[in-house]
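One-based numbering, in listed order, for ligands and for the atoms of each. Keep in mind it's a predicted model, so treat the numbers as computed, not measured.
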Amino acid sequence: MLLTREEMTFDFQGGTLDPVRDRELLEWMLNQFLYGEMTGIQVGHWLYEHAPDYEAAKFLARQSLEEMQHVDNFLRIMAMIGARPKPAHGAVRFLATGMMVGSWAVHVSLEMAAGEGFVLMAFYAVIDTIDHKPSVDILRRAVKQEERHVEFGEEQTMKSIEGKPWLRRRLLGLNLVSMWGVRRLARFMQKRLPADHPLLKHLPAFLELTIRCNETRLLRMGMVDRPIRELSGARRAALVTEAYAGKALGGLVSLVTLPFRVLPPFRAWFGKKRLTETYLSDPKIIGFALPPGEPPADALADAE
Ligand SMILES: [Fe+2]
Ligand SMILES: [Fe+2]
């Protein structure tokens, strides 16, 4: 990886996540992670449609298995702390599923290097703060695999922009937009988070670090020749415009077909439901996390 564990580590100044005190918060967080891992089924799309060579195909085949194992990991943690599988937040669902469009270059740079890089930092943060050793042990094993996914994203991004300055500028523009989104999220959270929680009060600063790390990664991948913050506002605007101009035609097609690919009612008409829509009624999922004999009524109700 182009960044070290130290560079991607945030100092929560002793703040911890307590499995009893923070059970509700942990349940919410774990459900976002669970959904994220379930979207590992999308690796199949990239393997079948886009893998550029045999090595990449082997990597993707292995990655899909690892993401499914991560689903098991989160179910195991949820069972231990008494959390139930529930639907992920709509924004997370849209970001992880609705955005599954675009080229191989967009996938490896935005979803793998940047996106999984962001998730990796969230995993590091949980490892560093959760006061529950069995969960830490499980997550420590999973992050080794996530690190490889990020590294693959970095390598493939560097390969795909080689000798293609137009693609480099386009990916940079898209990255600027996604970082703008994370900043908006940080500002939104700043206003709503309890200022006295030992861990949550650090969340906006943590999100700022994730943006800094992404900027460093962009620099080290050769996506930009100077730190992002040294780019003028006009230069950034030009990059974003170029990225979206290039996307315009593909974007139009995507926009028209998006509801059919993403929204459950449309997909249901065609009798197509993916695991990311049905996993909360899968007995293997709800049965895993609940104590035996307990009816999974609320989990099922939420899933509908
Ligand atoms: Fe994963
Ligand atoms: Fe991953």
Side-chain angles (χ1 to χ4, degrees), residues 1-5 8 26 28-52 55-80 83 85 88-89 92-93 95-100 102 104-128 130 134-158 175 178 182 210 213-214 217 221 274-276 279-280 282 284-285 288-289:
M1 261 196 323
L2 295 171
L3 277 95
T4 63
R5 166 70 154 108
M8 297 171 83
L26 275 166
W28 186 85
M29 272 173 44
L30 291 167
N31 271 301
Q32 315 311 308
F33 288 141
L34 181 69
Y35 182 83
E37 300 297 354
M38 198 56 88
T39 63
I41 58 169
Q42 295 170 5
V43 178
H45 165 79
W46 298 103
L47 168 63
Y48 186 59
E49 299 280 350
H50 297 275
E55 274 308 303
K58 271 203 302 191
F59 181 92
L60 294 169
R62 184 175 164 184
Q63 187 196 356
S64 64
L65 185 66
E66 288 173 350
E67 305 296 13
M68 291 302 102
Q69 284 166 347
H70 297 167
V71 169
D72 284 344
N73 291 341
F74 280 108
L75 288 173
R76 216 166 290 145
I77 293 174
M78 290 172 94
M80 283 191 292
H89 190 272
V92 172
R93 291 207 301 260
L95 281 171
T97 308
M99 305 291 274
M100 206 191 76
W104 175 251
V106 173
H107 172 62
V108 291
S109 68
L110 258 92
E111 294 181 338
M112 296 192 75
E116 292 193 74
F118 176 78
V119 173
L120 182 59
M121 286 186 72
F123 285 0
Y124 287 153
V126 176
I127 288 174
D128 294 342
I130 192 167
S135 300
V136 171
D137 291 342
I138 290 176
L139 284 171
R140 280 228 167 94
R141 287 192 292 274
V143 290
K144 294 282 157 235
Q145 296 168 341
E146 292 300 354
E147 285 165 359
R148 279 202 302 274
H149 303 167
V150 175
E151 190 172 30
F152 178 82
E154 293 169 346
E155 287 166 1
Q156 293 289 322
T157 302
M158 289 188 282
N175 250 289
S178 68
V182 174
T210 66
C213 284
N214 193 43
R217 178 175 287 113
M221 288 194 300
R274 293 203 177 99
L275 202 55
T276 39
Y279 71 104
L280 287 174
D282 188 320
K284 287 275 182 213
I285 298 288
F288 197 110

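His50 pairs by the ring-ring contact (aromatic ring centres under 6.0 Å, His included) definition with His45, Trp46, not counting sequence neighbours. Residues satisfying the ring-ring contact (aromatic ring centres under 6.0 Å, His included) criterion with Phe123, sequence neighbours excluded, are Phe33, Phe74. Considering only residues two or more places apart in sequence or on other chains, Tyr35 meets the ring-ring contact (aromatic ring centres under 6.0 Å, His included) condition with none of them.
Counting only distances under 2.8 Å, and ignoring water, the protein N, O or S atoms around the Fe ion (ligand 2) are Glu67 OE2, Glu116 OE1, Glu146 OE1, His149 ND1.
For the 3.5 Å distance criterion, the side chains of Glu147 and Tyr124 qualify, holding a donor opposite an acceptor.
Just one of Glu154, Gln63, Arg62, Glu111 meets the side-chain contact (heavy atoms from CB on, under 4.5 Å) condition when paired with His149; it is Gln63.
Contact detail for Met80 and Pro134: the closest heavy-atom pair is SD-CB, 3.6 Å.
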